[in-house]
Structure formats: structure tokens, C-alpha cells
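Below, chains carry the letters A, B, ... as their sequence lines are ordered, and counting in each starts from 1.
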Protein chains: 4
Amino acid sequence: MEYNEKQVQIIEAAEHLFATKGFEGASVRDIAEAAGVNIAMISYYFGSKEKLMEALFEERTSHVRLRVEALLKDNSLEPFEKVEALVDDYVERILGSQQFHKIIVCEQVINKNPVILKAVLQLKKKNMEVISKLIKDGQQKGVFRKKVDVSLMMATMFGTITQSIIGQDYYRELNGLESLSEKEFQQLLKKKLLAHIKLLFKAILIEI
Amino acid sequence: MEYNEKQVQIIEAAEHLFATKGFEGASVRDIAEAAGVNIAMISYYFGSKEKLMEALFEERTSHVRLRVEALLKDNSLEPFEKVEALVDDYVERILGSQQFHKIIVCEQVINKNPVILKAVLQLKKKNMEVISKLIKDGQQKGVFRKKVDVSLMMATMFGTITQSIIGQDYYRELNGLESLSEKEFQQLLKKKLLAHIKLLFKAILIEI
Amino acid sequence: MEYNEKQVQIIEAAEHLFATKGFEGASVRDIAEAAGVNIAMISYYFGSKEKLMEALFEERTSHVRLRVEALLKDNSLEPFEKVEALVDDYVERILGSQQFHKIIVCEQVINKNPVILKAVLQLKKKNMEVISKLIKDGQQKGVFRKKVDVSLMMATMFGTITQSIIGQDYYRELNGLESLSEKEFQQLLKKKLLAHIKLLFKAILIEI
Amino acid sequence: MEYNEKQVQIIEAAEHLFATKGFEGASVRDIAEAAGVNIAMISYYFGSKEKLMEALFEERTSHVRLRVEALLKDNSLEPFEKVEALVDDYVERILGSQQFHKIIVCEQVINKNPVILKAVLQLKKKNMEVISKLIKDGQQKGVFRKKVDVSLMMATMFGTITQSIIGQDYYRELNGLESLSEKEFQQLLKKKLLAHIKLLFKAILIEI
DNA sequence: CATGAATGAGCGTTCATTCAT
DNA sequence: TATGAATGAACGCTCATTCAT
């Protein structure tokens with residue numbers, strides 16, 4: 001789906017406001033004003049507020065699906081290198097779209113637009129399949145543990161990232177990182193998160 | 001704060017509806033109806049919808065603060081045993097109040113009632129202090145690593161629990177656990193979560 | 001159903017505006033203003049604009065049903081006297097509630113609220129049954145024609161009254177009755193209509 | 001006024017939708033979609049929704065005016081034969097354009113576009129003049145009653161036809177005519193209506 | 001000549017809250 | 001103390017219409 005300039009503005013404004021105020025809390029008036037368009041435009045372009053949310057979701061996830069699969073096929077990497085590449089990919093992507101990630105987290109708890117819920121579930125399923133294959137491969141090669149709970153492993157990755165995003169202001173203050181620019185801080189956070197999650201995944205996957 | 005029967009009913013109804021529909025999505029009418037009281041009661045007893053949320057928060061967290069501190073003072077336990085006890089405590093508590101936990105997670109992302117945000121921050125700070133002490137103790141005893149990022153460690157615990165709660169239906173289906181009763185499943189989930197988090201914490205804290 | 005003062009005001013305002021502007025043309029804001037109440041009152045008391053229409057219909061027709069049946073049982077009257085009494089009753093009633101009658105006529109053509117449509121049909125059916133009995137009685141007594149199309153007879157009565165109501169301003173002007181007071185004119189119209197319809201019914205029912 | 005193909009499509013769609021949903025109930029979007037044209041076309045071709053209604057009215061009535069006058073001048077017919085021819089003409093025409101007739105009936109009650117109202121009045125006036133002459137002629141020839149209320153006579157004709165159109169579904173069911181094709185039923189209805197109205201007009205016009 | 005894009009106004013409805021009782 | 005009645009404000013959405021192209 002290709003969107004024109006105004007549609008993109010609306011989607012961006014919606015992303016910001018849904019992330020900040022929630023779906024119910026962000027009124028179409030707010031969104032229209034933030035996007036610098038007439039209120040009627042939202043219904044005109046997207047049909048309804050719900051459909052706008054779905055469009056936002058589609059827009060932000062459509063390109064994602066292919067990336068994970070590509071990784072799997074790459075035969076130049078060892079099993080754990082693949083896992084590390086996967087973590088790199090997820091952390092990079094989620095930290096790069098924090099607003100949207102917040103929306104998805106809350107959407108899974110409240111509001112529960114069925115279209116989105118279904119799409120999220122599909123995405124999760126796809127993720128699980130790919131990662132399960134990846135892990136099975138490592139198990140066959142004798143590198144990974146026999147028993148791995150992939151769901152919990154994913155929960156740890158997504159959960160840790162989510163909590164880091166939510167608590168980043170406090171994290172910054174706590175570690176005296178106020179002097180860093182936003183960009184520098186984000187890079188540091190990414191570095192720390194990557195090391196942390198990779199350490200955890202090593203513990204989960206590899207017998208000591 | 002002591003609440004009478006009707007007030008308790010309101011708080012319980014609010015907890016359920018805030019967790020299900022979000023703060024904005026749950027109307028005072030819904031809450032009043034679910035609680036079996038007059039609409040005006042909510043403003044009458046709590047002042048406003050926001051104040052009701054604050055009362056709910058206070059009611060659900062007031063007793064919590066003492067428990068962590070008690071743990072710290074217990075001298076009969078080794079450092080990592082203390083960490084394990086702490087994990088036991090958190091997992092037990094959060095899994096035992098999933099509805100409320102969902103509210104808090106979303107509240108940190110959206111709506112952002114300043115009173116609650118501040119209280120959550122205080123709670124986090126308290127947690128951090130206690131755990132930092134606990135870890136420092138272990139470090140001095142030479143059992144724990146020198147460098148531990150407590151924030152990330154906490155993020156992993158809370159994040160993993162949260163993701164497990166959010167994705168429990170999918171987890172159940174994925175692992176073919178539909179035949180279990182709700183209670184049995186919750187117990188299994190708790191067992192798995194505990195083992196998983198303790199494994200992670202060991203990896204974080206203890207050098208191999 | 002008993003209505004309080006404000007509800008009655010709303011129903012009356014609605015009757016006037018629905019008759020003047022049609023159901024779609026009359027906004028709840030118009031009605032609320034005309035009734036001197038807050039806009040929200042209409043949804044508050046009646047649930048919706050549609051339900052308000054239904055309430056109006058119910059309010060204006062509930063007492064009607066009994067009257068026709070009473071007539072049938074009256075044994076002191078000859079068949080055609082009964083028919084005349086029936087015409088008296090209908091003309092009296094419809095001319096006495098012209099606004100409402102207009103609404104019903106248009107409602108049968110457009111908008112077609114299913115609840116009302118069904119109720120109108122039931123009313124028609126009841127009418128037809130009673131009048132059919134009345135006519136059958138006259139036929140058995142040998143006073144009325146053998147073949148009478150009751151539907152067309154009713155169509156003539158209702159149609160003539162409706163057209164007279166719609167065209168009353170033009171009728172008044174055409175016959176130079178501007179000097180009459182509204183009340184006097186209504187009485188004259190009723191007199192004329194009664195004589196006219198009775199003449200027609202005699203032609204329909206009685207062989208020359 | 002000559003209309004191009006698209007304009008004709010718009011007028012026909014408007015006729016159908018105005019008759020079905022009323023003027024206010026039928027949106028220009030509905031009409032444009034039904035006509036298979038762009039929304040902007042309606043304003044572009046007709047100026048506004050109101051003007052479209054006026055164009056529809058003009059289109060459907062312009063050819064009518066001449067027919068009644070022609071009848072009057074025909075000297076080959078007796079007075080009551082002329083009346084019968086007139087009834088034939090009206091019933092034929094109205095039953096042949098039921099949709100439009102419904103619009104006009106409702107338009108006289110609600111919405112009240114002044115242009116149309118004025119035109120309807122003119123049409124009525126013209127009708128009345130012609131029929132009055134026709135009746136005066138019959139009175140002079142001693143065939144018709146001295147006192148005839150032409151307005152009520154017309155009200156009976158139009159009203160009976162209108163009611164028959166409105167209630168045709170019920171009429172069909174009541175008389176067990178469901179097996180007839182739509183065309184057959186319409187022909188039967190016309191036959192019945194003609195006989196009925198002519199009977200009534202005889203009663204109105206001719207002394208027994 | 002014809003239309004996609006756009007809009008201000010208004011729609012019916014629901015909201016959290018107030019207040020007289 | 002408890003509540004039914006009531007309300008102003010805001011909700012998401014659709015309306016007829018305009019206008020640049």
C-alpha cells in the first residue's frame with residue numbers, strides 16, 4: 001500500500017498519539033490537528049479510527065516479515081551466530097520504532113482490535129516457527145541444549161526490550177547518563193541490551 | 001485506607017475493566033454497572049475516575065512495600081538464595097494479580113496519571129535499592145560478578161513475566177495444554193517461569 | 001407507559017418537528033431546543049432518536065385500539081349507522097392529531113422504521129378485521145352489497161382525510177374561508193369531510 | 001430541458017432513492033453511487049441536491065400539463081365520460097410513476113422545497129380549473145348535481161390512489177394475490193381502482 | 001469538461017461529573 | 001448518606017459542497 005503525503009502525516013500523528021495516549025485516549029480531532037489535516041480526512045482516507053490503526057499496523061509491519069526468514073537461509077553462520085543476528089535484528093528494529101512497539105504491547109492487553117490481534121498472532125507464530133527451526137538446527141548439531149522453551153526465550157527478549165523502553169528515562173537518570181545526547185543514549189542502550197540479551201540467550205541455549 | 005463493601009466492589013470492577021478495556025475504554029457506567037452500584041457512587045466515593053484509579057493502585061500496592069525489605073534482613077540465606085526468594089516473591093505476586101499488573105504496564109505507556117506514575121517510580125526505586133544492596137552483598141562475598149546491570153536484570157524479570165501473561169493463551173495452545181484446568185495451567189506457568197528466570201539470573205550474576 | 005413533564009415536552013416537540021421536517025430532517029438538537037431540554041436528554045430518556053419515534057408512536061396510538069372494537073359490539077345501531085359512527089370516530093381522531101397523522105403517512109413511504117411499520121400494519125389489520133365484520137353483518141342483514149372491497153373503502157377514507165389535511169391551506173384559500181378562525185375552519189372541514197365520506201361509503205355499500 | 005445520459009442516470013437514481021429514503025435520507029453519495037457517477041457530478045450538473053430535486057420534479061411533470069387540457073376540448077364525449085377519461089388518465093399516470101408520486105406526497109408534508117411546493121400548487125390549481133369547467137359543463141347540461149365540492153372530489157381520487165400505492169403489499173397479501181406476477185397485479189390493481197373511483201365519482205356527481 | 005481531493009458544519013451519541021433531594 | 005435526574009463537552013463520523021486541475 002502506497003500512501004500520499006497527507007496520509008503519511010496522519011499515520012505518523014496517529015502513531016505518536018496512540019503511543020502516548022492510547023487508542024481510546026487519542027481522539028481523531030487530536031490526530032487530525034497533530035497531522036495538520038481536517039478531521040474529516042481521517043474517515044475519508046482510512047474509513048474509521050479503527051481502520052487507521054489497522055493501516056498503521058500494516059504500514060509498520062509489512063516489511064518486517066521477510067527479514068527473519070532470510071536469516072534462516074543464511075548458511076554462512078553457526079547456530080548461535082544466527083541467534084545473535086536475530087537478536088541484533090529485533091533489538092535494532094524495535095528500538096528504532098519504539099512508539100509503534102508501545103502501541104502493540106498495549107494493544108495486546110487492551111482495546112484488542114481483532115484484526116490487529118490476529119495479525120500480531122500470525123507474526124508471533126511466524127517468529128516462533130523460524131526460531132524453532134533455528135534452534136532445532138543447533139540441537140541437531142549438538143551445540144544447543146536438548147530442552148529449550150522457545151516461548152519463554154522470546155518472552156524474555158521482547159519483555160526485556162519492552163521494559164527497557166518503558167523505563168529508559170529512569171534508567172538514564174539512575175546511571176547518570178543525562179549528559180548524553182538522545183542519540184548517544186539510544187546507542188548505549190542498544191549496546192547494553194544486545195550484550196544482555198545475548199548473554200541470556202547463551203545461558204538458555206548452551207549447556208555449561 | 002479502609003473501604004466499605006460497595007467501595008471494594010467498585011475497585012474490583014474497575015480493576016477488571018481497566019485491565020480489559022484500558023482506562024479510557026472503561027466508562028464509569030460500565031464500572032458502576034459491573035459493581036452493581038449507582039453511577040454517581042464513583043464520583044461520590046472516589047471523587048473522579050482518575051482518583052478511582054489511584055485508589056485502586058494504592059489498594060493493590062500498599063501491602064507490597066514491606067515484603068521486599070523483610071527479605072533483605074533475613075540472614076539465614078545465601079546471596080543467590082535471596083535472589084531466588086525474591087524471584088519467587090515477584091512471580092507469585094504478579095501472577096496472582098495479573099489484571100492489575102496489566103493495568104500498571106499500560107499505565108506506564110499511556111494515560112500516565114502523574115500520581116500513579118510517581119508512585120510506580122517510587123516502587124521501582126525502592127525495588128532497585130533493595131536489590132542493589134542484595135547484589136552488592138553477593139559481590140562482596142565474591143559470589144556475584146563485579147559488573148551487574150541491575151536495571152536490565154529487573155527489566156528481564158518484569159518483562160518476561162509480563163510477556164508470559166500477555167501471551168499465555170498462545171503459550172497454552174502452542175504447547176498443547178488446553179486439557180489442563182486454568183488452575184493447573186497457572187501452576188505450570190509459574191513453575192516454568194520461576195525456573196526460567198532463576199536460570200537467567202544465575203547467568204547474569206554468576207561467572208562461569 | 002407514563003411520561004414525566006420533560007419527556008412529554010420532548011415527545012411533543014418531536015411530533016411537531018417530525019411532521020414538519022421529517023424524521024431525518026429533524027435533528028435531535030432541533031427537538032431538544034424546541035422542547036427546551038438538553039440534547040443529551042433525548043438519548044437519556046428514550047435511548048435514541050429512533051426509539052423516540054417509537055415512543056411517540058406508542059404514545060399516540062396505544063389508546064386507540066380499544067375504541068373501534070367497542071363500536072362493533074354496540075347492538076343499538078343499524079349496520080350503516082355503525083359505519084357512520086366509525087367514520088365519525090376516524091375523522092374526529094385524525095383531524096385531532098394531524099401532525100402525527102402526517103408522520104405516519106410519510107413513515108409508511110420513507111424511513112420505514114421496522115418497529116413502527118410493523119405496528120402500523122397490526123393497526124391496519126385490526127381495523128380491517130373489525131370493519132370486515134361490520135360489513136359482513138350488514139350483508140347478512142341484506143342492507144349492504146354482496147361484493148365490497150374493504151381495502152379500497154378504507155383507502156378512500158384515509159386517503160381523502162390525508163389529502164384534505166395536506167391541502168387544507170389551498171382549500172381554505174380556494175373557497176374564500178380566510179376570514180374564519182382556525183377553529184371554525186377545522187370544524188367546517190370536519191363537517192364537509194364527514195358528509196363527503198359518508199356519501200361515498202353509502203355508494204360503496206348500498207345498492208341503488 | 002434536455003438531459004444527457006449521465007444526467008438522466010442521476011435523475012433516475014434520485015427518483016428511486018428519494019422515494020425510498022426521503023429527500024434527507026438519501027445522500028448525494030448514495031445517489032451518485034446508484035447512478036454510477038462521481039459525487040461531484042451532482043453539484044456540477046444540478047448545482048445542489050435541492051436543485052436536483054427540482055430538476056426531477058420538472059422532468060416528471062413538464063409533459064403532464066398539456067394532457068388534461070386536451071381532454072376538456074374534446075367535444076365527442078358526454079360530461080361523465082369526460083370525468084371517466086380523466087380518472088383513466090390520472091390513475092394510469094400515477095400508477096405508472098409510483099416512485100415519483102410517493103416523493104410528491106411526502107414533499108407536500110415535509111421538506112417543503114418552496115420551488116416544488118409552488119409548482120405543485122400551480123399544478124393543483126390547473127387541475128382544479130379544468131375539472132371545475134368540466135363539472136360546470138355537466139351541471140349546465142343538468143347531468144351533474146348543483147353542489148359539488150371539487151376539492152374533496154380530487155382529494156378522494158388522489159388520496160385513494162396514494163393509499164392504494166402505499167398499502168399495495170398488504171392488499172396483495174390480504175387478497176391472496178401473491179401468485180400473480182408484479183405486472184399482473186399492477187393491472188388488477190389499476191382495474192379495481194378505476195372501477196372504485198368511477199363509482200365514487202358517480203355518487204359525487206350524479207343525483208340518484 | 002469532468003473529477004479526486006478536501007473541508008466546515010453538523011449529525012446522533014456517550015462521556016464524566018454535578019446537584020437537589 | 002446515597003441517588004436519580006440532568007448536563008456541557010466531546011466523541012467518531014457523514015454530510016453537501018467546493019475547487020484546483
Side-chain angles (χ1 to χ4, degrees), chain A residues 4-7 9-10 14 23-33 35-53, chain B residues 4-7 10 14 23-32 36-53, chain C residues 4-7 10 14 21 23-33 35-53, chain D residues 4 6-7 10 14 23-32 37-53:
Chain A
N4 66 37
E5 201 186 332
K6 292 219 169 185
Q7 287 171 312
Q9 283 168 9
I10 292 169
F23 179 76
E24 303 272 356
S27 74
V28 293
R29 275 166 183 80
D30 292 341
I31 296 167
E33 196 180 356
V37 303
N38 186 282
I39 325 169
M41 292 257 64
I42 284 164
S43 287
Y44 176 66
Y45 275 134
F46 299 95
S48 71
K49 195 186 174 187
E50 288 239 302
K51 294 266 182 62
L52 168 58
M53 171 67 113
Chain B
N4 66 37
E5 200 186 334
K6 290 208 171 183
Q7 286 171 313
I10 292 169
F23 179 75
E24 301 275 353
S27 74
V28 293
R29 268 169 192 75
D30 293 341
I31 298 167
V37 302
N38 185 281
I39 330 168
M41 292 249 63
I42 285 164
S43 288
Y44 177 67
Y45 274 136
F46 299 95
S48 72
K49 197 186 174 187
E50 289 239 301
K51 295 266 182 62
L52 167 59
M53 171 67 112
Chain C
N4 66 37
E5 202 186 331
K6 292 217 170 185
Q7 286 171 314
I10 292 169
K21 303 179 160 193
F23 180 76
E24 304 272 356
S27 76
V28 293
R29 277 167 182 79
D30 292 342
I31 297 167
E33 196 180 356
V37 302
N38 186 282
I39 326 168
M41 291 257 63
I42 284 164
S43 287
Y44 176 66
Y45 275 134
F46 299 95
S48 70
K49 195 186 175 186
E50 287 238 303
K51 294 266 182 65
L52 168 58
M53 171 66 114
Chain D
N4 67 36
K6 290 208 173 184
Q7 288 171 312
I10 292 169
F23 179 76
E24 302 275 353
S27 74
V28 293
R29 266 168 194 76
D30 293 341
I31 297 167
V37 303
N38 186 282
I39 330 169
M41 292 251 60
I42 285 164
S43 288
Y44 177 67
Y45 274 136
F46 298 96
S48 72
K49 196 185 175 187
E50 289 238 303
K51 295 265 182 63
L52 168 59
M53 171 66 113

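- Atom P of nucleotide dC15(E) and atom CG of Leu52(B) are separated by 16 Å, given to the nearest angstrom.
- Taking atom CD1 of Ile10(A) as the reference point, atom P of dA5(E) lies 13 Å away to the nearest angstrom.
- Side-chain N or O atoms of Lys49(B) include none that pairs as donor or acceptor with a backbone N or O of Ser43(B) at under 3.5 Å.
- A donor atom on one side chain and an acceptor atom on the other are found under 3.5 Å apart for Tyr45(D) and Asn4(D).
- Residues Ala14(C) and Leu52(C) share a closest heavy-atom pair of CB-CD2, 3.8 Å.
- Using a 4.5 Å heavy-atom cutoff, the side chains of Met41(B) and Phe46(B) are not in contact.
- If you measure from atom OH of Tyr44(D) to atom C1' of dA20(F), you get 14 Å, rounded to the nearest angstrom.
- For dG4(F), the paired base is dC19(E) (Watson-Crick or G-U wobble, both distances below 3.5 Å).
- In this structure, Ile10(D) and Ile31(D) approach most closely via the heavy-atom pair O-CG2, 3.9 Å.
- At whole-Å resolution of the value, OH in Tyr45(B) and C1' in dA16(E) are 19 Å apart.
- The two residues Asp30(D) and Gly25(D) come nearest to each other via the heavy atoms OD2-O, 4.1 Å.
- Look at Lys6(C) and you won't find any side-chain N or O under 4.0 angstrom from OP1 or OP2 of dG4(F).
- Regarding contacts with the backbone of dA5(E), every side-chain N or O of Asn4(A) stays at 4.0 angstrom or more from both OP1 and OP2.
- Lys51(B) comes within contact range of no nucleotide atom at all, as no heavy-atom separation falls under 4.0 Å.
- For the pair Met41(D) CE and dC19(F) P, the interatomic distance rounds to 17 Å; values are reported in whole Å.
- Listed here is the closest heavy atom pair of Ile42(D) and Val28(D): CD1-O, 3.6 Å.
- Here dA10(F) presents its P atom at 12 Å from CD of Glu33(A), a figure rounded to the nearest Å.
- Residue Val37(B) is the one, among Val37(B) and Asn38(A), whose nearest nucleotide of DNA chain F lies closer to the 5' end (criterion: closest heavy atom).
- Computed from coordinates, the Met53(D) CE to dT17(F) P distance equals 13 Å when rounded to whole Å.
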Listing time: all N or O pairs from protein to nucleotides 10-13 of chain E that are below 3.5 Å?
{"from": "dC11(E)", "atom 1": "OP1", "to": "Ser27(C)", "atom 2": "OG", "distance (Å)": "3.2"}
{"from": "dG12(E)", "atom 1": "OP1", "to": "Lys49(C)", "atom 2": "NZ", "distance (Å)": "2.7"}
{"from": "dG12(E)", "atom 1": "OP2", "to": "Val28(C)", "atom 2": "N", "distance (Å)": "2.8"}
{"from": "dG12(E)", "atom 1": "N7", "to": "Arg29(C)", "atom 2": "NH1", "distance (Å)": "2.8"}
{"from": "dG12(E)", "atom 1": "O6", "to": "Arg29(C)", "atom 2": "NH2", "distance (Å)": "3.0"}
{"from": "dT13(E)", "atom 1": "OP2", "to": "Lys49(C)", "atom 2": "N", "distance (Å)": "2.8"}

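- Nucleic acid contact class of Phe46(B) (heavy atoms, under 4.0 Å, all strands): none.
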